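Every chain is numbered from 1, with letters handed out A, B, ... down the list of sequences. A quick note: this is a predicted structure, and the numbers were derived from the prediction, not measured.
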Amino acid sequence: MATLKAVRGTRDLLPPETALWNRIEATARAVFARYNFGEIRTPVFEDTSLFSRSVGEETDIVSKEMYTWEDRSRAQSEKSQSLTLRPENTAGVVRAYIEHKLGETGQLQKLYYIGPQFRRERPQKGRYRQFSQIGAEVIGPPSAGSESPLRDAEVLEMLATLLDELGITGWTLELNSVGSAADRARYNETLRQALIPVAPTMCEDCQRRAVTNPLRVLDCKVPEDQPIIDTLPKIADSLDDASRAHFAAVTAALDTAGVPYTRNHRLVRGLDYYTRTTFEFTHGGLGAQNALLGGGRYDGLSEAIGGPKAPGIGFAMGEDRLVLTLQALEAAKPEKGDAYIAPLGESVNPAALALARELRRAGLTVELGDGSFRLKKSFDAADKTARRIVIMGEDELASGILTVKDFSTGTQTKVSRAELSSALKAPSGR
RNA sequence: GCGGCUAUAGUUCAGAGGCAGAACGCCUGACUGUGGCUCAGGAUGUCGUGGGUUCGAUCCCCACUAGCCGCCCCA
C-alpha cells in the first residue's frame, strides 16, 4: 500500500518557511490595526447558496471549482443541506454582517480575516486547492460613508503600505472601474456587437470567448490579437456619470497621496459581485499566476443575499503568493538564535538546563546542546543555529565565569554569569 | 477539465536491459576543552504505485498517482 500523502493541491508548511508566514501575518495585523480594522473569523464552510448567490452561478468558481457536499440529515423529517468549503471569504463576511445586524450600529465596519480557502483547480505554482488569503472589507450603510471614493483610495493606500512594509518591491497597482451592474451589462452587449466583425481573425480562444464571455477577450495574451483588442470599445465609455465621477475621485485621492497606479482598461474581474472600482496588485516574479491580490467594490452584494443596502469595498491577498514573492526576492533570511549552550560532560547537563532557563526567561532564544557531545560537534551545531556559543564545563561551573565565542567575529571572551544575558543581547559581529 | 515535461539517497541530480552512483549534507576519526579549511573512513535507497514484455526491468511498454510548466480561471 502506498504511503499516505497530503492530498493533491494541499501541502505541509514546515520550518523555517513557517517563520516567514508568521512574519507576513504579524505585519498584516499590525498594519490593519493602524487603520483601525478588527479581525473577523467566519466558518470555513457555509450554505452552498451563499456562494452561488454572491460570487455568481455562472462563474468558474461556483460552476466547477467548489468543494460541495450534501450534509446528511439526522432525522427523517430533516432535509439534508448543501454545504460548501468557502472558495473566498467576502461572501462569508457579508453574511455575518447581515446576520449580526452590524448595519444597525450605523458605523462603518472595517474587518479583516486571515485563513484558508478552497478551490478545486488544477494545482500549479502559486495555485493550490487549499490556499490562504489575507483580506479586509470596509462595509456599512451609505450614511456611514461606505460609498465614498475616499474609502476605495484609503484601502488602496493601505495595501501599498502593507506591501512596502512586507518588503515586496516591484509591485504594480492596476486599477479600473467596471461601473454599476447596469453599466456592465450594457458594456457586455456593446462588446459582443463589436466583436462580431473582428473575432474571426483572432485566436481560437477569443473566437470562443466572443460568444460565451466577451469580457474575457480583454484578458487575451496572444500578441497578434493585441492591436485588435486595442480598437475595441472601452468599459470606461459605458459608465454612467455617477460611476465616472466616483472613479475620478478615487484616482484624484491616490494622486494626491502619492500612490502610484496604472489604469488598466482591460482589468475585468471574474466575480459577479464587483461594481465600480476593481484592482489588482501584480508582481513579475510569480509566473502565470501574477496577481498578488485582487479586489474591488461590491455595492449590491448585501442586497443580493437578502441583506440591507450595504455598499462595501475589499480585497483578498494570496498569502501563498506573498511567500513565493518574498522567497524570490531573498528577503527571507533565517534568523539565528542568540546563544547555544554547550555543556561539557553529562554531569554539567543539569546546570546547563538551569542556565538555559535563566536566559530564556530573560527573553533570549537559546538552543541547548548536550554534555555527551564532543566540543567539535557542539561547535558545528552551534554555528548553524546561534550567533554565539556559551561553553560550560567543570571550570566554568566552579568559577561562575563562562566562555562565550561570537561566530561572526571569532572572538572569545570570559563573561560572569551575572552579566551573561546582557552580553548575549548585545548585537554580534562588527 | 485539456496539453507538454518530469518522478532514483535527507537535498540537488547523473545513470545503463545483468551487484545502485556523484556532489552537498549526515556520522566517525586524525584533534581528552575550540567549529568553519584539510585528510581518511562510514551509513543511508521498497529507483513514485500497479500491471505487462523478458531468463532477468530501476531502465522498454501500458495504466494510475503526484509535481512542474502552459491553457482555462484566479489569490
Taking G29(B) as the reference, what is the distance to G21(B) when you measure between their C1' atoms (whole Å, please)?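 Taking atom C1' in both G21(B) and G29(B), they lie 25 Å apart.
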If we take the P atom in both G15(B) and U54(B), what is their distance in whole Å?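 One P to the other, the span is 28 Å.
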So, for Phe32(A) and Tyr112(A), is the gap between ring centers shorter than 6.0 Å?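 Close enough - the centres of the two rings lie under 6.0 Å apart.
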N/O contacts under 3.5 Å, protein versus nucleotides 67-69 of chain B?
unit_1: G67(B); atom_1: OP1; unit_2: Gly9(A); atom_2: N; d: 3.1
unit_1: G67(B); atom_1: OP2; unit_2: Arg8(A); atom_2: NH1; d: 2.7
unit_1: C69(B); atom_1: OP2; unit_2: Lys125(A); atom_2: N; d: 2.4

Any side-chain heavy atom of Leu368(A) sitting closer than 4.5 Å to one from Arg360(A)?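 Yes. Closest side-chain heavy atoms under 4.5 Å.
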Tell me the interatomic distance from Glu280(A), atom CD, to A75(B), atom P, rounded to whole angstroms.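 Taking atom P of A75(B) as the reference, CD of Glu280(A) is at 7 Å.
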Does one side chain, of Gln133(A) or Asn89(A), offer a donor that lies under 3.5 Å from an acceptor on the other?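 The criterion, which ignores hydrogens and geometry beyond distance, is not satisfied for Asn89(A) and Gln133(A).
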Which stems, defined as runs of 3 or more consecutive Watson-Crick or G-U wobble pairs with both pairing distances under 3.5 Å, involve RNA chain B?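 Counting only runs of 3 or more consecutive pairs, the stems involving RNA chain B are B:1-7 with B:65-71, B:10-13 with B:21-24, B:26-30 with B:38-42, B:48-52 with B:60-64.
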Pick the closest RNA chain B nucleotide for Gly318(A) and for Asp380(A) by heavy atoms, then say which residue is nearer the 5' end.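 Its nucleotide being nearer the 5' end, the pick is Asp380(A).
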Using heavy atoms to find the nearest nucleotide of RNA chain B for Lys384(A) and Asp395(A) separately, return the residue whose nucleotide is more 5′.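 Whichever sits nearer the 5' end wins; that is Lys384(A).
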Please answer whether the main-chain N or O of Asn176(A) pairs with a side-chain N or O of Asn264(A) as donor and acceptor at a distance below 3.5 Å.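 Judged by distance alone, no pair lies under 3.5 Å.
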Using the rule for Phe, Tyr, His and the six-membered ring of Trp, do Phe131(A) and A75(B) stack at under 5.5 Å and under 30°?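 Stacked: centres under 5.5 Å apart, planes under 30°.
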